[in-house]
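Everything on this sheet refers to the single structure shown next.
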Amino acid sequence: PKIIRTFTVEMLKCDVMIQRIQTVYLIVAFIALILQFFFPVSVYMFGDTVDTYTGTVSFYLYGLVKQPITLEIAYKFVFYLPMIAIAIAVLILTVLIILQYKKRLKQLRTINFAILLNIVLIVLLFFYTDKIAKDLSLPTQYRMGSVFPLISLVFLILAMYAIKRDERLVRSLDRLR
């Protein structure tokens with residue numbers, strides 16, 4: 001029993017600060033950023049109607065799945081590299097923001113940069129989706145992968161406001177001393 005009590009007390013002294021609401025927002029944003037790698041951003045269907053359906057091409061963050069041979073040259077890995085790099089950068093920045101919980105001003109600067117990169121990622125996703133649709137001459141059907149960057153953006157903004165609120169609270173307490 002004493003070992004269990006000691007273990008639980010040590011767990012309560014953990015350095016992660018999950019009880020702060022911005023940490024929860026950042027974890028949700030991180031999960032949304034991870035999930036965007038596993039769901040298609042958009043789908044392009046071949047065929048005139050449902051009866052003459054011949055196949056689909058799915059656009060993921062990292063490339064086209066089941067891409068036609070005619071487009072393999074145009075859409076190599078280098079084509080998707082900016083999106084992948086920005087998505088990974090936002091992931092890394094989100095983890096850094098969580099770990100910098102003692103330095104709120106540095107957290108704010110980092111989260112502003114992460115929000116900017118996330119906006120660039122969203123613009124690139126929709127730009128690439130539109131470009132691929134024009135090249136394939138097919139209509140675009142957006143899927144869950146296009147929603148996850150928007151979810152992460154919302155939660156990054158919520159975390160930014162929560163960090164600002166904490167900073168205002170600390171400054172007001174410093175004035176009272």
Side-chain angles (χ1 to χ4, degrees), residues 5-43 58-63 77-133 140-177:
R5 256 187 270 132
T6 306
F7 181 69
T8 54
V9 168
E10 290 302 317
M11 282 179 55
L12 292 175
K13 292 180 183 177
C14 184
D15 237 14
V16 179
M17 294 292 288
I18 292 182
Q19 71 267 22
R20 292 172 62 196
I21 191 68
Q22 59 262 33
T23 307
V24 175
Y25 292 152
L26 289 167
I27 289 172
V28 172
F30 180 79
I31 291 169
L33 288 165
I34 291 288
L35 287 175
Q36 74 183 357
F37 283 97
F38 299 105
F39 289 90
V41 174
S42 61
V43 173
S58 298
F59 170 49
Y60 286 82
L61 188 68
Y62 52 83
F77 181 73
V78 176
F79 180 75
Y80 306 104
L81 196 58
M83 284 189 307
I84 296 169
I86 291 173
I88 291 172
V90 175
L91 272 168
I92 292 169
L93 286 174
T94 305
V95 172
L96 286 176
I97 295 165
I98 292 171
L99 296 177
Q100 293 175 340
Y101 65 90
K102 290 183 180 178
K103 303 170 189 156
R104 284 175 303 280
L105 294 176
K106 193 170 183 180
Q107 248 186 343
L108 279 173
R109 283 192 297 268
T110 310
I111 203 165
N112 285 333
F113 186 61
I115 289 171
L116 176 70
L117 283 180
N118 203 346
I119 291 170
V120 170
L121 176 66
I122 291 168
V123 169
L124 280 177
L125 276 174
F126 287 105
F127 172 76
Y128 280 120
T129 301
D130 203 34
K131 180 171 177 21
I132 293 169
T140 303
Q141 295 180 357
Y142 289 101
R143 299 297 168 127
M144 278 304 288
S146 62
V147 176
F148 289 124
L150 297 170
I151 292 171
S152 69
L153 178 65
V154 167
F155 280 98
L156 284 172
I157 291 171
L158 286 172
M160 180 188 65
Y161 284 125
I163 294 167
K164 282 182 180 179
R165 189 177 58 234
D166 273 4
E167 184 60 27
R168 278 195 310 266
L169 179 66
V170 168
R171 286 185 184 193
S172 70
L173 291 175
D174 284 345
R175 275 184 290 201
L176 292 174
R177 287 187 208 173

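In this text the structure is predicted, and so the values were computed from the model without any measurement.
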Testing the basics here: between [X] and [Y], what is the closest heavy-atom pair and its distance to 0.1 Å?
X	Y	value
Leu121	Met83	CD1-O, 3.6 Å
Tyr60	Pro40	CE2-N, 3.4 Å
Gln22	Ala162	OE1-CB, 3.5 Å
Phe148	Ala32	CB-O, 3.4 Å
Val90	Ala114	CG2-O, 4.0 Å
Gln36	Ala87	NE2-CB, 3.5 Å

Approximate separation, where rounding is to 0.5 Å, of [X] [atom1] and [Y] [atom2]:
X	Y	atom1	atom2	answer
Ile98	Phe30	CD1	CZ	7.5 Å
Leu61	Tyr128	CG	OH	10.5 Å
Glu167	Leu169	CD	CG	9.5 Å
Leu91	Ser152	CG	OG	8.5 Å
Phe113	Asn118	CZ	CG	12.0 Å
Ile157	Tyr25	CD1	OH	12.5 Å

Beyond-backbone contact of [X] with [Y], side-chain heavy atoms, under 4.5 angstrom:
X	Y	result
Arg168	Arg165	yes
Leu26	Ile111	yes
Leu124	Pro82	yes

Go through the structure and list residues passing ring-ring contact (aromatic ring centres under 6.0 Å, His included) with Tyr142, not counting sequence neighbours. Phe126
Residue set satisfying salt bridge (charged side-chain N to carboxylate O under 4.0 Å, His left out) with Lys131, at least two apart, ordered chain then number -> Asp135
Salt bridge (charged side-chain N to carboxylate O under 4.0 Å, His left out) against Arg143, all qualifying residues, sequence neighbours excluded: none
